[in-house]
Number of protein chains: 2
Amino acid sequence: MSNFEALFDYIQEISGKLLSADDKYLLMAHFKPKKLRKRQYFLQEGDICKYIGFIVKGSARTFTVDEKGHEHILKLSLENWWLADFESFYLLTPSRFNIEALEDLEVLQSTNAQIEEFLKHIPAFSAMANVISQNYTIANQKRMQAAMSYTAEERYEDLISNYPHFLQRFPQNMIASYLGLSPETLSRIRKNSFK
Amino acid sequence: MSNFEALFDYIQEISGKLLSADDKYLLMAHFKPKKLRKRQYFLQEGDICKYIGFIVKGSARTFTVDEKGHEHILKLSLENWWLADFESFYLLTPSRFNIEALEDLEVLQSTNAQIEEFLKHIPAFSAMANVISQNYTIANQKRMQAAMSYTAEERYEDLISNYPHFLQRFPQNMIASYLGLSPETLSRIRKNSFK
DNA sequence: ACCTTGAATTGACTTATATCAAGCGCATTT
DNA sequence: AAATGCGCTTGATATAAGTCAATTCAAGGT
């Protein structure tokens, strides 16, 4: 399955280790392909996030809705990213987030219990998990710093230099929400930075 | 050493596993006690964060200084927390952060290479690391959501309910900076919420 | 006990960003 | 081709929070 090749490549590249035939067999047995059409939900607020998904193709957003009905995007996700509300996934608590496909989406999904098995039995998988956890910690630290210390314009510049492909893949109103801005403000920032 | 007892208790409690006498011996051999007076720096911007510290006693803040000279606190840390700029610690890059003792501080510190050894040889330690990594991911997700969706007042309420002891341990201007507010704004928020 | 320093408060004013509203272009549907 | 909806832009205005400045107060150093 070419679907699984993407996952295998990813695990091997991130972990720096090879997957054995048995490893691959185990992964194929317990990751289930799932397709979502654009606008469909991978997770809805209030539900428990039973599955973690590896994005093979497409994109998604993780967002909350506040009391005023405004949406706030916390994460934008593309190919080779993991899709889940980790709080709900780990703790089995109802999620405060929604995860929605922004383009037609193909994921390979699995449950927490199965992930535990992979961690136990597949060295490359557990090495990958460690690297990802480091990367997440670093990315979170950076994003938090950006949110706290940067002006709207600086956050946008920052996005351009760190995730330039986001601008191609996501509409501006989604980018604006991800940056914590109204669409109008982002539009004005772009206008000014052309000058 | 009563210092080490705090660390041992912490590891066993978080991991749910016991430390053997050998485990403890290994930890004691490679965690070095270090004391800092109030206002001293555990890490300075531009330096590489060679050590991770376990706080036995005291408190600290992790902050950046922006181009205008304004400080932004990203983290406030107390007993039984780990102290480090993880980006610099993992990647050995110069840190963009300062870590400063807010009270006289006692830590047990160790290097990245030694931590790798603990992870390899001490099951309780590696179990603890997994739990902490989950907790960090969850806490970061929450903090990010709060920063994006909440008003200043809501963030303060949120702090009161999640970390009430912060108000006892840290001065208000530090709390303000941690919440991304000016000290004046926090003062006004407190005044209003008494009403 | 005095002096200095810095934290917290309060008031007046400024600024960044949000909100509201209207119009335009573009794609999709019918 | 007309109609609908939606994303983006632009202008006018509102608002939350920051900045600047003055005052009080408590704590620490000498």
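Keep in mind that this is a model prediction, so the values were computed, not measured. Every chain is numbered from 1 and lettered A, B, ... according to where its sequence line falls, protein lines coming before strand lines.
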Q: Answer yes or no: are there more than 12 heavy-atom neighbours, outside Tyr41(B) itself, under 6.0 Å from its atom OH?
A: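 Atom OH in Tyr41(B) is crowded, with more than 12 foreign heavy atoms closer than 6.0 Å.
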Q) Between the side chains of Arg190(A) and Tyr156(A), does any donor sit under 3.5 Å from an acceptor? A)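 Yes, side-chain donor-acceptor contact under 3.5 Å.
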(Q) Looking only at side-chain N and O atoms, does Thr137(A) offer a donor or acceptor that is under 3.5 Å from a partner on Asn140(A)? (A)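 Their side chains do not contain a donor-acceptor pair, so the 3.5 Å distance test is not met.
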With a 4.5 Å limit on heavy-atom distance, are the side chains of [X] and [Y] in contact?
X: Leu83(A); Y: Leu43(A); value: no
X: Tyr25(A); Y: Met28(A); value: no
X: Thr62(B); Y: Phe42(B); value: no
X: Ile160(A); Y: Leu167(A); value: yes
X: Tyr150(B); Y: Glu157(B); value: no

Q | Under 3.5 Å: donor-acceptor pair, side chain of Glu79(B), backbone of Gly58(B) | A |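 Indeed, once roles are kept as given, a pair shorter than 3.5 Å links the two residues.
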Using whole Å, report how far [atom1] of [X] lies from [atom2] of [N].
X: Glu103(B); N: dA27(D); atom1: CD; atom2: P; result: 16 Å
X: Leu179(B); N: dA16(D); atom1: CG; atom2: P; result: 18 Å
X: Asn192(A); N: dT15(C); atom1: CG; atom2: C1'; result: 15 Å
X: Ile189(B); N: dA8(C); atom1: CD1; atom2: P; result: 14 Å
X: Arg155(B); N: dA16(D); atom1: CZ; atom2: C1'; result: 11 Å
X: Lys38(A); N: dA27(C); atom1: NZ; atom2: P; result: 13 Å
X: Lys191(A); N: dC24(C); atom1: NZ; atom2: C1'; result: 14 Å

**Q.** Bending between helix ends of the helix from dA1(C)-dT30(D) to dT30(C)-dA1(D) [5 pairs per end, 10° resolution]
**A.**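 Axis angle across the helix from dA1(C)-dT30(D) to dT30(C)-dA1(D), nearest 10°: 50°.
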Filtered N/O pairs between nucleotides 5-8 of chain D and protein, under 3.5 Å:
unit_1, atom_1, unit_2, atom_2, d
dC8(D), OP1, Gln172(A), N, 3.0
dC8(D), OP2, Asn173(A), N, 3.0

Q: Would you check if the distance from the ring center of Phe54(B) to the ring center of Tyr10(B) is below 6.0 Å?
A: yes
Q) Rounded to the nearest 0.5 Å, how far apart are CD of Gln114(B) and CZ of Phe31(B)? A)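 CZ of Phe31(B) is found 8.5 Å from CD of Gln114(B).
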Grab the N/O contacts between the protein and nucleotides 18-21 of chain C below 3.5 Å, and write none if there aren't any.
unit_1, atom_1, unit_2, atom_2, d
dA18(C), OP1, Gly180(A), O, 3.3
dA18(C), OP1, Ser182(A), N, 3.3
dA18(C), OP2, Ser182(A), N, 3.2
dA18(C), OP2, Ser182(A), OG, 3.2
dA18(C), OP2, Thr185(A), OG1, 2.4
dT19(C), O4, Arg188(A), NH2, 2.9
dC20(C), N4, Glu184(A), OE2, 3.1

